[in-house]
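Okay, so here's the structure we're looking at.
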Amino acid sequence: MSANDADAPGARPWLLMSPALAAVTLLLVVPVCFIVVYSFWLRTAAGGEQVGFFLDNWAEVLTDAFYRDILIQTLRIAAISTVLCILLGYVPAYFIARSTTRHKAVLILLLMLPFWISYIIRTMSWINILGVSGALNVFLLWTGIISEPLQILYNEGTVILGLVHFLLPFMILNIYVSLDGIDPNLTDAARSLGCTAWQAFREVTLPLSVPGLAAGSLLCFVLGAGTYITPMILGGPRDAMFANLVFEAIITQLNWPLGSALSLALLAVLGAVVMLYTRYAGINQLAKSFR
Amino acid sequence: MSMVLQLFSGWSLIRAFTVLVYLFMFLPVAVVVLLAFNANQFGSFPMEGLSLRWFVALWHNDAIVRAFKTSVLLGSLTAVVSTTIGVMASLALVRFDFRGKGLITTAMIAPILVPEVVLAVALLLFLRWLEMPKSFPLLLLGHVIFTLPFVVLIVQARLVAVRREYEEAAMSLGANAFHTFREVTLPLIMPAVFAGVIFAFTISFDDVTGTLFWKPGGVETVPTQIFAMLRNSISPEINALGAVMVVITVAVPLIGAALARRMAAALK
Amino acid sequence: MDETTRYQRLLERFRNGDLDRRTFLTLLGAASLTAGLTGGPLKGLQRQAFAATPDSVRFDGWGGVVSEAFRKHAFDPYTAKTGITVIDGTFASGDEYLNRVKAGQEGEYNIFHASGVFDYARYVNLGYDVVLNEDNIPNLKYVMTALMEPFRKVTGGKLSAAPYDYGTTGLAYNTDKISKEEMAEKGAKILVDPKYKGKIGGWGDWRTRIWYGALATDQNPNDIKDMDAVWDAIRAHRDLALKYWGSGAELMSLLAEGEIYVTEGWSGRIAALQQQGHPIAYYDAPGSYAWQECLMVLKGSPLEACEELLNFMLEPDVSIAVAEGQNYPPALDPTKVDLGEKIPTLPAFDPTGKLTNLTFADPAYWNGHEAEWSKTFGRVQKGY
């Protein structure tokens, strides 16, 4: 069976991965090495860098409560957004997966429609909906439910709203892709054995959709934790997230060494989350169940 | 009693929920499209007048039109490259067992873990060290690297569900690896590949920070144009652009389907 | 190895069965990519800097109306005369641009529309300045001396930039909600007035916040004695403010839609709002923050070509067109040049050309505190 080299990996996986690996090495690993080196340098008074080996930035990042508080706030906002995405996104994904092919294509297309409008514009349009003279207030005033416009903008809730709106398609598509691959015979078999629709779903469909759910959750969490434009546009003064700190350190304060240390800290935290994913919900785990 | 329960706990509830979620997704889209017709530059609702002037201004705004073309070109190329190498990498990661797999998977997903502004600056520093000037291909590579994780994540989630038996069957019948992939695996993972293409395109289209730093002189994308316009004010031309794109996205498939039907009817 | 030879060699090996198709295609792709990357049209930028006549000069600005005015009135005539193309770039903030220059390569960026002597000093401190030959820029004679002096002080009597326009960041307020008398009475303190809680805005820029913090505590912004009082004033503002806006678009939309009633704002944007008929008035409190913008030439640029382009851009027609587009008065001396009808009506405009009423930031003082203050503001802004 010389034609079958699926059992002996040999060079094949490396060959397949080579373009992606090359891209990741050159465009990510090497730049990250630069970042690591910079994190040990110091900012000069003029905004340049003093080469050397200093631990000041790291000491600051690891001990200062300011960074820790913002990091916790960031992870919290990301987690809430992810959970909301799961709650809001699973049902639509199920609906799309169970639709006829023609409807499927239309529904997915519709899902991506908001992306055609540039992210900045989309985020700012929430101001036209929730603002003092926005659609919601105008409607409530017109129906007489309230007499003074509500001040709903520029707080953590608005940031989460903007985030969920941005992240939902990622969640829905990931879950859908998993659901779509489930053999319908499996649920039929369960039903014919006496399960109710809900039981069939819980015992058969739900577990099989976990890869997509996990991938979607990971994506949403990571994207949510790394965002800075949403809190910048929709947040109040205290709603900054960690990526805002990184952005400010680099761009506003011209402190590349500190910004490098901060971004490595974020990378470490999010990297840990990803490694958890690959270990428990990712490729290894599920590949085993399908051997 | 059970019939009432069935009515409410069945497909109709699922459909109603889905409709609500889609409405939520469309709220900003609707607002943007409506405001594209706003006679005033500011002021939201109720609109004081309707006007097409922003569409006219858009038509005459060379900079935005050029930026749009650049964005579409960049997005399409990114989607093609990213999806291709992403699918190949996913195949390797799911179908084979080798040392360091967990680490490599994390590395593939890593680009979205690094704050974009840092990746942008770091890549520029790398380029400077290589004494390489900025160029469109480099901008493309930058876009590929941060769209790659999306493709890998979504394809591998689907690929794990494709039973290896199908591929092994094909191979035992004499197909080589490439044919097996093309005839068996690819059709089965097509929704994921399709989703990957869409993700890659839209992420690239929407990218601000990286593009700001990596773009060569004279090259502008729609988001960088918008970002630059923020200083003086966002003209509703951008709303008009959004409205036009939405119409195109909705109209093109509809027209395509109608044409296909007409051609099929004509052939009978 | 040139490209043709490389491809032929690969083809030979493939045909001979040394490479399987996948490897061949990968190597081919890699070869093409390398060719594309290294043979790009922008290679040799550094060589250009020392060439007598470069192919192109790069200008980066704020885009939009200003870019169009420059293109029409300055760049096209320049290209017609010298044959050198002008490549147009944009940036969204001065800080972002500085970071791009810092991460970029020498000669990549030539001229840009800098904001403030503060910015100018930053580039000088990082070593990006040049010495302009002012004989090659005769139109400099129309520029107000009062604007050139601060730059000369930073670069030892020489210039690396040509002042281009100026403006102020004063107080903007909704006339339906706040009266002129109240503004005159409270001045900068209105930004920390609890009466307007939730209806106050402010720019998220540390310089502006500290400047107004100083004014609100009756201090001289160029010589602050009690910095703690200033930080407290900034905290008070933060707690009363609805939002820190970060761009002209946000500023205008917040005021126009009635989300906020008072904020400090850029004179040009407020003028634009007034031109559209919104009930927004502009008040320059004593010590209001004045600033100027310039066109700066960066190290590694082809000097003579840039000097010539600067001269084109300083032509009165161009300056006036840009000024009317931006709503910021040009740096041209009104006593030497006729500025037309619209410019004298712009806020912050000074007909005497001496600018004695405007308070500019002292670059030595502000640049000296940049590292410490920008960092502390980052924390205060977020609730600390």
Side-chain angles (χ1 to χ4, degrees), chain A residues 3-4 6 9 13 16-17 19-20 23-24 27-28 30-31 34-35 88 91-92 95 109 112-122 125-126 128-129 133-135 138 168 173-174 177-178 180-181 211-212 215 219 222 226 243 246-247 250 263 266-267 270-271 274-275 278 283 286-287 290, chain B residues 14-15 17-18 21 25 27-29 31-32 44-46 85 88-89 91-94 96 98 102 105-115 117-119 121-123 125-126 141 144-145 148 153-154 156-158 160-161 163 171 191-192 195 198 202 206 222-223 226 238 242 245-246 249:
Chain A
N4 184 358
L16 275 175
M17 284 193 303
V24 167
L27 301 170
L28 178 82
V30 171
F34 272 82
I35 299 174
L88 289 176
V91 171
F95 183 84
L109 202 64
M112 302 313 285
L113 216 55
F115 280 93
W116 277 111
I117 303 181
S118 177
Y119 183 60
I120 306 169
I121 305 294
R122 250 185 302 151
S125 68
W126 282 109
N128 284 319
I129 300 173
S133 54
V138 163
L168 210 46
L173 269 181
N174 268 288
V177 155
S178 230
D180 194 63
L219 201 51
V222 164
V246 175
F247 186 83
I250 303 231
S263 52
L266 186 63
L267 176 59
L270 294 181
V274 173
M275 294 223 79
T278 52
I283 302 163
L286 295 143
F290 281 98
Chain B
I14 292 181
R15 182 166 42 204
F17 191 87
T18 308
V21 170
M25 294 292 308
L27 216 39
V29 177
V31 166
V32 165
S44 29
F45 300 104
I85 68 179
M88 284 163 61
L91 278 174
L93 289 169
V94 176
F96 297 97
F98 49 89
T105 315
T106 313
M108 296 273 179
I109 305 183
I112 48 175
L113 306 179
V114 181
V117 63
V118 172
L119 195 56
V121 171
L123 197 51
L125 294 175
F126 182 37
L141 281 180
V144 165
I145 195 62
L148 192 59
L153 267 176
I154 203 170
Q156 59 91 352
R158 170 64 167 230
V160 287
R163 304 191 69 101
M171 292 222 246
I198 294 184
T202 47
D206 236 357
V222 173
I226 295 178
I238 296 295
M245 280 149 62
V246 164
T249 319

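Naming: A, B, ... by sequence-line order, numbering from 1 per chain. All values reported here derive from a predicted model rather than from experimental measurement.
In this structure, A/Pro211 and B/Ala157 approach most closely via the heavy-atom pair CB-O, 3.8 Å. Here the closest non-hydrogen pair linking B/Pro28 and A/Ile129 is N-CD1, 4.1 Å. Across B/Ile85 and A/Ala23, no two heavy atoms sit closer than the pair CD1-CB, 4.5 Å. The two residues B/Thr18 and A/Pro92 have their closest heavy-atom pair at OG1-CA, 3.6 Å. The shortest non-hydrogen separation linking A/Ile35 to B/Ala122 is CG1-CB, 3.7 Å. Shown here for A/Val177 and B/Ala195, the closest heavy-atom pair between the two residues is CG2-CB, 4.3 Å.
No side-chain heavy atom of A/Leu266 sits under 4.5 Å from any side-chain heavy atom of B/Leu113. Looking at heavy atoms from C-beta onward, A/Leu219 lies in side-chain contact with B/Ile112 at the 4.5 angstrom threshold. Within the 4.5 Å cutoff, side-chain heavy atoms of A/Met17 are placed close to those of B/Phe98. The shortest side-chain heavy-atom distance between B/Ile198 and A/Phe115 does not fall under the 4.5 Å cut-off. A/Val91 has its side chain out of reach of B/Val21: every pair of non-hydrogen atoms, C-beta onward, lies at least 4.5 Å apart. The closest side-chain heavy-atom distance from B/Arg158 to A/Asp180 is below 4.5 Å.
Highest contact tally toward chain A, considering only B/Leu125, B/Thr202, B/Val117, B/Val114, is held by B/Leu125 [criterion: heavy-atom pairs under 4.5 Å]. Most heavy-atom pairs under 4.5 Å with chain A, from the set B/Ala92, B/Pro223, B/Ala107: that is B/Ala92. Each of A/Pro31, A/Gly226, A/Gly271 has some count of heavy-atom pairs under 4.5 Å with chain B, and the biggest count is that of A/Pro31.
Using a 4.5 Å cut-off between heavy atoms, B/Leu27 touches chain A through backbone and side chain atoms alike. Both the backbone and the side chain of B/Val118 come within less than 4.5 Å of a heavy atom in chain A. With a 4.5 angstrom heavy-atom cutoff, A/Ile250 touches chain B only via side-chain atoms. Contacts between A/Val30 and chain B at a heavy-atom distance below 4.5 Å involve the side chain alone, from C-beta outward. Looking at B/Leu123, the atoms closer than 4.5 Å to chain A (heavy atoms on both sides) sit in the backbone and in the side chain alike. In this structure, chain B has a heavy atom under 4.5 Å from the side chain of A/Phe34, while its backbone stays farther away. Residue contact with chain A, scored on non-hydrogen atoms closer than 4.5 Å, involves the backbone and the side chain of B/Val29 alike. In this structure, chain B has a heavy atom under 4.5 Å from the side chain of A/Leu168, while its backbone stays farther away.
A distance of 10.0 Å separates CG of A/Leu267 from CG of B/Leu119, quoted to the nearest 0.5 Å. If you take CD1 on B/Ile226 and CD1 on A/Ile121, they are separated by 4.0 Å, rounding to the nearest 0.5 Å.
Looking at residues two or more places apart in sequence or on another chain, you find a side-chain contact (heavy atoms from CB on, under 4.5 Å) between A/Ala243 and A/Tyr228. Every residue two or more places apart in sequence or in another chain that forms a salt bridge (charged side-chain N to carboxylate O under 4.0 Å, His left out) with B/Asp206 is listed here: A/Arg122.
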